[in-house]
Amino acid sequence: MKQTDNPYTFITQLFDGLISSGCRSDHDEDTNRKIVVINLFAIVGMSITLVLGIKAVFNEQLTLGIVLLSSATLFGLCKGVLLHSKLKNNHIIAPTLLVLCLLSLMLYLVIFGGVAGTGPLWIFVLPPVAMFFAGVFWGVITVGLFIALCAVILFTPGDALLIASYTHEFKVRLLLSFATVTFLSAFYEHSRQTSFIIIRDISEKFERQALYDALTNLPNRRGIQKFIDHEINRAKRQQEQLTLILCDIDRFKQVNDNYGHDGGDIALKHVADLFKEVIREQDGVARWGGEEFLFVLPTTNESNGVVLAEKIRETLQATPVQIKNTSLTVTASFGVAQIHLENGLNNALSLADKALYRAKEKGRNKVLSASSLTP
């Protein structure tokens with residue numbers, strides 16, 4: 001039997017598809033988590049209200065049956081909104097519908113009492129759901145409005161707004177216990193959101209440390225790789241050209257020897273800042289390692305890459321850096337190679353490295369292209 005023919009596998013895939021519908025890669029982790037919970041809540045809510053609604057109809061409780069079946073329809077609508085992936089802001093519309101549906105159903109149960117007057121017991125579901133889906137601020141406003149409406153309904157003289165009958169003590173304790181659950185839900189949701197923000201910030205910090213060079217704030221090898229992969233894929237789809245420039249600061253060891261490693265760091269940061277200013281908006285530049293830098297030039301052939309490398313070289317030579325009250329002119333050598341997509345990235349990097357090495361052999365502070373190298 002194939003794995004896809006396994007009933008358990010089919011059911012698992014179907015369930016995963018149902019609860020993850022609406023999740024998107026452009027949403028953050030917390031939003032996708034909320035979408036999963038919305039899906040689960042909508043499915044469970046629709047199932048429970050549908051069963052209870054059918055049961056109420058068979059027991060000739062038509063009003064209760066209609067309300068419950070209408071609620072089941074609205075829960076199903078929430079699920080349908082998330083399934084509609086092209087609907088803008090469906091991750092906001094669905095929980096709003098869900099909370100409003102739940103709020104309306106709870107008000108009905110308070111007024112009519114539900115089965116044997118137990119309907120108000122369901123209202124304790126509202127605070128954690130409202131806080132989770134709407135956030136602390138809007139959740140408190142939503143639940144606060146619900147409490148105010150319940151107070152009016154429960155304590156209107158002569159129970160004019162009530163169909164069910166409750167004792168005064170039950171009404172007071174119902175609202176007090178509900179307010180307590182609301183406070184605890186708000187406190188929990190605030191703690192959850194705070195913890196999520198702290199964890200997200202720590203994660204982003206570590207991710208940035210993994211992808212960016214701490215000294216120059218440029219992407220490192222790992223960081224620029226994603227940009228390179230994206231541009232290679234785009235170049236393949238659109239049949240465009242893509243060129244690399246490999247750059248190495250000339251005699252950088254002498255800078256470290258003469259000015260110390262602090263002076264070398266100042267020189268590296270100066271070079272990196274200048275590179276970021278000179279490149280075009282669509283270009284990428286990374287610290288490739290040590291005193292080496294890599295430029296990625298989309299929609300650029302090798303000859304135009306040489307022109308840009310010359311511009312960078314001339315700007316660098318004309319912009320000295322101040323190190324320990326000394327004006328130091330920093331120069332660099334450049335190797336330029338176009339990525340021929342059929343040969344791959346590593347081939348282009350090797351050619352750019354050979355051109356860079358030849359530029360250093362010819363006296364440094366030069367730009368050479370891979371195509372200019374003699375076989």
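Not measured: the values here are computed from a predicted model.
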Looking at side-chain heavy atoms only, is the closest gap between Leu316 and Val271 below 4.5 Å?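 Yes, side chains in contact.
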Check: Leu162 and Ile153 side chains under 4.5 Å, non-hydrogen atoms: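 SC-SC contact between Ile153 and Leu162 confirmed.
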Do [X] and [Y] belong to the same hydrophobic cluster, where Ile, Leu, Val, Met, Phe, Trp and Tyr are linked whenever their side-chain heavy atoms lie under 4.5 Å apart, directly or via other members?
{"X": "Leu98", "Y": "Phe124", "value": "yes"}
{"X": "Leu100", "Y": "Leu126", "value": "no"}
{"X": "Leu97", "Y": "Leu69", "value": "no"}

Quick check: closest heavy atoms across Gln338 and Ala348, and the distance to 0.1 Å?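 Between these two residues, the closest heavy atoms are O-CB, 3.9 Å.
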Might you point out which heavy atoms bring Ala359 and Lys366 nearest each other, and give the distance in Å?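 Reported closest heavy-atom pair: CB-O, 3.9 Å.
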Are a donor atom and an acceptor atom from the side chains of Ser333 and Asp250 found within less than 3.5 Å of each other?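 A donor-acceptor contact under 3.5 Å links the two side chains.
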Determine whether the side chains of Thr300 and Arg280 contain a donor N or O and an acceptor N or O closer than 3.5 Å.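 Judged by distance alone, the side chains do pair up.
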Just how far is it from atom CG of Leu174 to atom CG of Leu154, taken to the nearest 0.5 Å?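 CG of Leu154 is found 6.5 Å from CG of Leu174.
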Who else is in the cluster with Leu242 when I, L, V, M, F, W and Y are joined by side-chain contacts under 4.5 Å?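 Ile224, Phe227, Ile228, Ile232, Leu244, Leu246, Trp288, Leu294, Val296, Ile339, Leu341, Leu345, Leu349, Leu356, listed by chain and number.
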Fit a plane to each ring of His168 and Phe155, take the angle between them on a 0 to 90° scale, and name the class: parallel (under 30°), tilted (30 to 60°) or perpendicular (over 60°).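 Judged by the thresholds at 30° and 60°, the geometry between His168 and Phe155 is perpendicular.
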For Phe334 and Phe295, take the angle between the two ring planes, folded into 0 to 90°, and tell me which bin it lands in: parallel under 30, tilted 30 to 60, perpendicular over 60.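 Geometry flag for Phe295 against Phe334: tilted rings.
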Applying ring pair (Phe, Tyr, Trp, His ring centres under 6.0 Å) as the test, list every pair that has at least one member in residues 241-270; sequence neighbours left out.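 Pairs touching residues 241-270 that pass the test: none.
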